[in-house]
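For reference, the structure discussed in these notes is given below.
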Amino acid sequence: MKKGFYTYEIAAMALVAVWLITALLGLFVSGGTLVTVQLITAAAAGLTCAVYLYNQRTNNVKMLRHVSRRLSPMDRHNIESFPMPVIVVDSSMSVRWYNGIAASKFFTGDKISANARDIIRGYSTDWDGRTSQSVIVNGKGYTVYGSEFSVQGERLFVLYFHDDDELKRISAEYYSSRPVVMIITIDNYDELLREARDLEKTKIVAGVEETILRWANRTSGMLLRYDRERYIFMVEERDFRRLKDDKFDLLDDVRKQVRPDGTYPTLSIGIGHGYDSFREGEKAARQALDMALGRGGDQAAVSNKGSSELYEFYGGVTKGIERNSKVRSRVVAASLETMIKQASNVLVVGHARSDMDSIGAAVGIQFIAVGLGKEAKCVVNRETSLAENLIRYVDDSGLDVFISPAQARKYLTPATLVIVVDNQKISTVEAPEIVEGASNLVIIDHHRRAADCIQNPALLFNEPNSSSACEMTVELIQYMSCGKPNKVQSEALLAGIMLDTKTFTSNAGVRTFEAAAYLRRRGVDTGTVKQLFAEPFETYNLKNKFLGNIAKYHSAVIAVLPVNSNVNYVNKSASLAADELAAIERVDAAFAVYSTGEQVVICARSSGAVNVQLVMERLGGGGHHNMAGAQIRNTPVDEVLTRLKYAIDQVLIEAKQASAEQ
C-alpha cells in the first residue's frame, strides 16, 4: 500500500495554513482584539482538525494491523502477490484493504476510505458472498468471488476479482448474433391482383416488395423471396430486438399502400426466436405463421423457445379480409374424406354451452361421416346447451344424432376420428376427455387461433374470415362424395349461419350467401328456422335485467347482471343483451358481464369498429373479431370490470394508432 497523506488530509491542512496566514496578515496590518480572536479561533480549529485526522488515520492503521495479524507472513505474501485483484470491505461496503494489483487496476491513489459501490458497477448489496457476481470496473468485466471473516467482532468480506472481460465480450457477441428466422407472406395476394391489369399487378407487387426490402435493409439480415407471395428473412438477435421494439412497423407501412378501390395489402409474419439452428428456427417460424394466419392475418406471431408463453402477437388490430377462393376448402375436403374412410367411427365435439353454430356444424359433419359409410355421433351436453330448440327439433325429426359425453366414452377407440367444430381450445371444449384421448383429431373452426389452442391436430381447417363453422361445413359438403343433406340437416346448418351473422347483418360475406343459397335449394323453410330462435320468457326477462344495469365507457357499453346467476340460460341472455347493445348508434363494442359464483363470464360483441377478440384475449379469453368472450375464475366482479376497462383502453389506443398511420 502507498504511504503518505490522504487527499482530504492535505486539503484540510492547506485550509488551516491559509487561515493562519490570513490571520497573521490581519494582525500586522490592522491589529486589534478582533484579529487576535480570529487567530486564536483559527489555531483551535486547526488543532481540532489535526486531532481528528490523527485519530482517523490511527483507526485505519489499527484495522490494517488487525487484518494483518490474522494472516501469517506467508499468507500476507501470497495475498499481496496474488495474481488477481483482492479488496477487503466491511458490511457497509467501505474499502478496508486491497492488494497491489487491485491498487494498479482499480485505484489512482490511496483509497482506503473509498466505498466499493463507487468503484464497482453492477455490484449487488444483497449479495451474501456465497455466489459469484458479474461486475464492471473501469470499463472492464470481472466476476467477483468472496469469502467472509471477522476482526474484533466486525464482519469483513474479501472480494476476489477474476478478469474475464474478453470471455464476456465473446459471450455477448454470441448471443447477439444468434439466428432468428422470419417467414413473411402477403395475406390477400390473390384478392389484390384478381381484377388488376398486368401493369397494375406489377406495381402492386413491386410496391409491397420495396416496402419489405426497405424494412429489411435497416438490419444486417438476408431477405429472400421463395414464392410469389412469401419471403424468408434471416436476421441476428441484435436486429430482431430492434424490430421487436418497433412492434414490427412493417405491418403498418405495407397497409398504407391503399389502392383506388379502397383495398390495401396486409402481411403476416411468423418468427422462430431463440432456437439453436436455422432448421429449428424455420420450423418454428412456419408454425408461428400458421398461428398468425389462423388469427386473421395482418399480424406477427413470435415463437420463443423455452418461454412460458407459447407465442407473442403484434398487430392484428384490423378486421380480416374475406377470401373468395375456395381452394383451401377443396383441399381440406379431400383430406377429411380420406381420414373419415380410414377411421372406425367418428365423434363430433363442439364447445361447452353449445350454441346453434356449434350444433349445426356438428350435425353437418355427422351427416358427412354417415354419407361416407361410417357410424358417427355428435357429443352434446343437453343440460348446459343454449341450442335446446335446435336439438329438440333434430330429435323430433327422427335423426339419431346426439349422445352425452358419458356415452361417448364407449364409442372412443384408437381408430376413432374425433372432429372438433366451432372451437379449438381444450379448456372450452364440450368433452375434454374425449378430445384428449383421441389418436386422430381434426379441428374445423372460424375463430382466431389462440396461444393456448389444441396443438398439432392431424388436420386443421381454420378460417377466421368465415362467418361461422356452419358456413365452412357447407363448403366441405359440396366437395365431398357424401350426398346432399336433407331438409332438417340443412335447416340446422342455416340456423348456425344466421346466429353468427345476426341474420346476415354482421360478418356475412360472399361465401356466406353462397352457402345459404345452397341450403335454400335443399328445401330449407326459413319460417321454421326463425321459430328456432324463439326467445323463452325466462331468457327475455333475464336479458332485461342486464339492460337495466348498463354504463357507457368511451365508445363501449358494459352491462352487468346485478346478482349471481348460474341458470342454464344466463349465457344466452347475456349474449342477447350484448347483441342488442352493440346495435345502438355510436356504440362500437358491448360487453355483458355476470357472475356464476365460481367465475365471472363476459360476452363481447362489436359493430365492427373494435376487435373484441383482442379485448377478451387480454382477459384470458378469445373468439372472433365481432364476437368473443372470456371466463375469469377466482376474481371479484369489480376487479374484472377494472381489468375489462383497461383492456378496452389498450385496444382503442392501438386501433387509433393503426388508423392514424394508414
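- Note: C470 SG to I365 CD1 = 9.5 Å, rounded to the nearest 0.5 Å.
- Side-chain atoms of N188 come within 3.5 Å of backbone atoms of T266 as a donor-acceptor pair (strictly under, hydrogens ignored).
- Listed by first then second residue, pairs satisfying salt bridge (charged side-chain N to carboxylate O under 4.0 Å, His left out) with a partner in residues 402-412 read R409-E433, not counting sequence neighbours.
- With rounding to the nearest 0.5 Å, the separation of CG in N544 from CG in N549 is 13.0 Å.
- In this structure E639 satisfies the salt bridge (charged side-chain N to carboxylate O under 4.0 Å, His left out) test with no other residue, sequence neighbours excluded.
- When only modelled atom types and interatomic distance are considered, T185 and S268 share no side-chain donor-acceptor pair under 3.5 Å.
- Smallest separation of non-hydrogen atoms from R382 and I391: NH1-CG2, 3.2 Å.
- Among residue pairs with one or both ends in residues 552-563, those qualifying as side chain to side chain donor-acceptor pair (under 3.5 Å) are Y553-D649, H554-D649, S555-D588; sequence neighbours excluded.
- Taken from CD in E491 to OH in Y393, the straight-line distance is 3.5 Å, to the nearest 0.5 Å.
- The line from CG of D500 to NZ of K502 is 8.0 Å long, rounded to the nearest 0.5 Å.
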Problem set entry | Candidate pair Y594 and N571, rule side chain to side chain donor-acceptor pair (under 3.5 Å), full reasoning | CA-CA 9 Å; Y594 68 91; N571 190 267; 3.1 Å; yes
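- The shortest side-chain heavy-atom distance between I444 and V332 does not fall under the 4.5 Å cut-off.
- Proximity of R511 to S329: side-chain heavy atoms (C-beta onward) are separated by under 4.5 Å at one or more points.
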For this session: Please test S467 against E471 for side chain to side chain donor-acceptor pair (under 3.5 Å), starting from the C-alpha separation and ending with a verdict.
Result: CA-CA 7 Å; S467 69; E471 175 189 320; 2.5 Å; yes
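- Around the OH atom of Y646, the shell of radius 6.0 Å holds no more than 12 heavy atoms that belong to other residues, nucleotides or ligands.
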Exercise. Would T338 and S335 satisfy side chain to side chain donor-acceptor pair (under 3.5 Å), going step by step from the backbone distance to the final call?
Worked result: CA-CA 5 Å; T338 300; S335 299; over 6 Å; no
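- By the 4.5 Å heavy-atom criterion applied to side chains, N345 and K377 are not counted as neighbours.
- Residues Q366 and A376 share a closest heavy-atom pair of NE2-O, 3.2 Å.
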Exercise. When you look at H446 and D422, which way does the side chain to side chain donor-acceptor pair (under 3.5 Å) test go after all the steps?
Worked result: CA-CA 6 Å; H446 69 112; D422 199 31; 3.1 Å; yes
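- The two residues F504 and T501 have their closest heavy-atom pair at N-OG1, 2.9 Å.
- In summary, of the residues considered (V418, N423, I454), a side-chain contact (heavy atoms from CB on, under 4.5 Å) with V429 occurs for N423 alone.
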